[in-house]
Amino acid sequence: MSERIKKAIGVEGKFSETVWPMIQYCFANIFMGGGGYIISMYFTAFLTNVVGLDIKKATFISMIAIIWDGVNDPLMGIITDRTRSKYGRHRRYLLLSIPPLVISYIMLWNSFGLDGALHPTMCVIYYSFAYILYKTAYTMVDVPHTAMLPTLAPEYNKRTQYTSVSYIFNSVGMVPSYIILLIFLGAFGSSNALSENSKTPFLLTGIVLSIVYACSVFATFKTCKEPSSLNEKLPPLDIKSAINEYVQVFRNKSFRDYFAMSFFWQMARSFFSTTTVYYITYLANLYKYYPIFNTFSGVFESLAFPLNYALTMKKGKSKCGAIVTPFMIIGLALALFVKPSQPGSVSIISLVIMILGGAVLYPFGMSGLGFVGNNVLPDITDVDELITGRRREGVIGTFNTMVKQVTGGIMTFSVGVVLDSFGLVTGNKGVYIAQTETALWGIRLCVSILPMISALIAWLLLRRFKMTKDDHTMIRAAIATKHKYGSVTLSEEEKARCELLSGYKLENTWLGKNENDETHALQKNEDGKYEILVEKEAELKKLLSEAE
């Protein structure tokens, strides 16, 4: 079985030295895949139809928490990059995240007697606090976990393999989490629609999943190893230098190209995920098929993984997204053709279009840009090191997350404002009330038109990202040579690629400022491939071994 797993993800060597470290690293993805999935599918509808808040207040809560998530990410990045610990710079924060994770996830799905109609202000305050606490716990897992990857997997293809395994574990978190919620909704709730009678199943789901997620995060902390950072020397930090850290990140051309692409992809996701439950409940009047919709969605997002992996390994990271993303755009377009039906009746055509577009083509295509983004981000760290001479995984990852999260939060609130202005009726009283044609067009705008435009822009921007596997290998070889000798000599072609990817003249980067007049050209093997000096990586492997 271990040999089959290794063959499936394209690795060689002993299972204990290749696949097992990937699994150890990806245990935490059970939480990151499952926790956010349930929230994106149900939380806004839970606040409107179970707690009783109106849609503007519900999306306002999400906006506040998501913006906070964007703000705390860069803070966490600076903290982790400057942490000195025998556990390494990042790992111990996984352990510290567990108490707020458990507390917040239970709070998110329990109002403790507060009613949105009777206590709207108290509900907003309470759920804003609970969501902010959850986002803080999530950041304490996500930022250190993401920042560890370039250290654990320095090679271009190895990072793709780690990302592939993380997608599997995301699905391991998503599917069982969703099944647990469905079981509780079936046993204690209503199959017709979410209402105030659905409080118990959500509370039970929050308790059970908080324990599952805490165990997954602890498993990564316990089993995944990272070199000690006790002896690292760090430059002084003040407000000016902290701001400059992030200004410098955005001057990196590869980062700007990556950021623009992933920004519009995230925008498309925010519009669609926030509106989906209202689209199915009020436009199609097919809420009882919502479990089927979500099941298909999870399955087809998972089924896209082998294709994404194969395309990435054969065609490259950017080509993968370019080929798969059009399915996402087609799926979003199909939502325009779903016709309203009366409660209690089933439009077979609308049901087929709804599932085919939103639960098959959309998640299948959406996974393409998602896979590209997760694969490309660690490579940006190497371009940043070319410019600065420093490893800044936390700063790179969190600056990107900060802007996307703030924008995502604003987009979520915008959905609430748009739907409210178009006259959508929500809350316990809105479950069985037919919506006006204007309100239905508001749903179409948010579930199809706006995300379709955003996804199309993301797909077009993807073509601007120029880094290839050979570029990445060349950059790593140049960095390793500079670290060893204090200087490196590049050919005109190599120099041009470095300047294209970084956006800097080479002489203005750390790589181009030689410490001596020695000549050290990059070495290639008999196949014409760059050879990376192994001293630094051998030292890293030694430190990882000692950490074990």
Side-chain angles (χ1 to χ4, degrees), residues 9-13 17-18 149-164 252-255 257-258 309 311-320 372 375-393 396 465-542 544:
I9 59 176
V11 300
E12 297 178 354
E17 297 174 355
T18 54
L149 182 56
T151 300
L152 298 178
E155 298 91 351
Y156 188 86
N157 281 346
K158 193 172 183 180
R159 289 176 182 174
T160 299
Q161 292 160 0
Y162 266 76
T163 303
S164 300
N252 180 338
K253 182 179 182 300
S254 290
F255 177 84
D257 292 343
Y258 160 79
Y309 178 78
L311 288 172
T312 297
M313 298 299 284
K314 187 173 182 179
K315 300 287 188 180
K317 298 178 180 181
S318 298
K319 285 288 186 181
C320 166
V372 171
N375 266 306
V376 163
L377 185 57
D379 300 340
I380 305 295
T381 303
D382 298 301
V383 181
D384 183 71
E385 186 175 3
L386 178 160
I387 298 168
T388 66
R390 295 170 52 204
R391 300 294 297 177
R392 303 192 303 162
E393 301 96 336
I396 293 290
F465 192 80
K466 301 299 184 181
M467 185 185 292
T468 65
K469 179 182 177 181
D470 289 340
D471 289 331
H472 181 256
T473 306
M474 181 269 290
I475 289 172
R476 288 184 56 230
I479 290 172
T481 302
K482 174 71 181 287
H483 276 301
K484 182 176 182 179
Y485 298 112
S487 63
V488 61
T489 305
L490 302 182
S491 68
E492 288 301 316
E493 182 181 354
E494 291 164 346
K495 177 181 176 181
R497 292 303 296 177
C498 287
E499 291 180 345
L500 174 66
L501 296 172
S502 67
Y504 283 78
K505 289 290 185 182
L506 189 65
E507 56 267 24
N508 296 328
T509 67
W510 167 81
L511 189 69
K513 295 177 180 178
N514 291 330
E515 299 171 8
N516 52 60
D517 296 327
E518 298 175 3
T519 300
H520 297 284
L522 302 185
Q523 301 175 15
K524 294 185 179 181
N525 59 25
E526 58 186 17
D527 296 324
K529 302 295 184 182
Y530 288 101
E531 290 186 342
I532 300 172
L533 298 176
V534 299
E535 284 82 356
K536 193 173 181 182
E537 291 185 14
E539 181 183 353
L540 174 60
K541 291 179 180 178
K542 180 181 178 182
L544 285 170

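Atoms considered below: every heavy atom in the structure, side chains included; atoms not considered: hydrogens, waters and symmetry mates.
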Participant: Measure the CG-OG1 distance between Leu511 and Thr481 for me, rounded to the nearest 0.5 Å.
Facilitator: 9.0 Å
Participant: Please confirm whether the backbone N or O of Gly503 pairs with a side-chain atom of Asn252, one donor and one acceptor, at under 3.5 Å?
Facilitator: no
Participant: Do the non-hydrogen side-chain atoms of Met474 and Leu522 ever get within less than 4.5 Å of each other?
Facilitator: yes
Participant: Quick one: sort the His483 and Trp510 rings into parallel, tilted or perpendicular, breaks at 30° and 60°.
Facilitator: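 Taking Trp510 first and then His483, their aromatic rings sit tilted (interplane angle of 30° to 60°).
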Participant: Quick one: NZ on Lys495 to CG on Leu490, what's the gap to the nearest 0.5 Å?
Facilitator: 9.0 Å
Participant: Examine the side chains of Asp471 and Thr468 and answer whether a donor and an acceptor come within less than 3.5 Å of each other.
Facilitator: yes
Participant: Given Tyr530, which partner from the list Glu494, His472, Gln523 fulfils the side chain to side chain contact (heavy atoms under 4.5 Å, CB included) test?
Facilitator: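 Of all the options given, the one that passes is Glu494.
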Participant: Quick check: closest heavy atoms across Asp384 and Arg390, and the distance to 0.1 Å?
Facilitator: OD2-O, 4.0 Å
Participant: Is there a donor-acceptor pair closer than 3.5 Å between any side-chain N or O of Ser254 and the backbone N or O of Ile380?
Facilitator: no
Participant: Check whether any side-chain N or O of Asn516 sits under 3.5 Å from a backbone N or O of Tyr485 as a donor-acceptor pair, and report yes or no.
Facilitator: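 Yes.
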Participant: Would a distance-only check, ignoring hydrogens and angles, find a side-chain to backbone donor-acceptor pair under 3.5 Å from Lys482 to Lys513?
Facilitator: yes
Participant: Using a strict threshold of under 4.0 Å (side-chain N to carboxylate O), is an ion pair present between Arg476 and Asp382?
Facilitator: no
Participant: Can a donor-acceptor pair be found, under 3.5 Å and without considering hydrogens, that links the side chain of Thr489 to the backbone of His520?
Facilitator: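 At least one qualifying donor-acceptor pair exists.
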Participant: Restricting to non-hydrogen atoms, name the atom on Leu506 and the atom on Glu499 that form the minimum distance, rounded to 0.1 Å.
Facilitator: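 In this case the closest contact between Leu506 and Glu499 is N-OE2, 3.0 Å.
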Participant: Which value, rounded to the nearest 0.5 Å, describes the distance between Lys524 atom NZ and Thr473 atom OG1?
Facilitator: 11.0 Å
Participant: Give the minimum heavy-atom separation between Leu386 and Ser502, together with the two atoms involved.
Facilitator: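 Nearest pair, atom of Leu386 first, then Ser502: CD2-CB, 4.2 Å.
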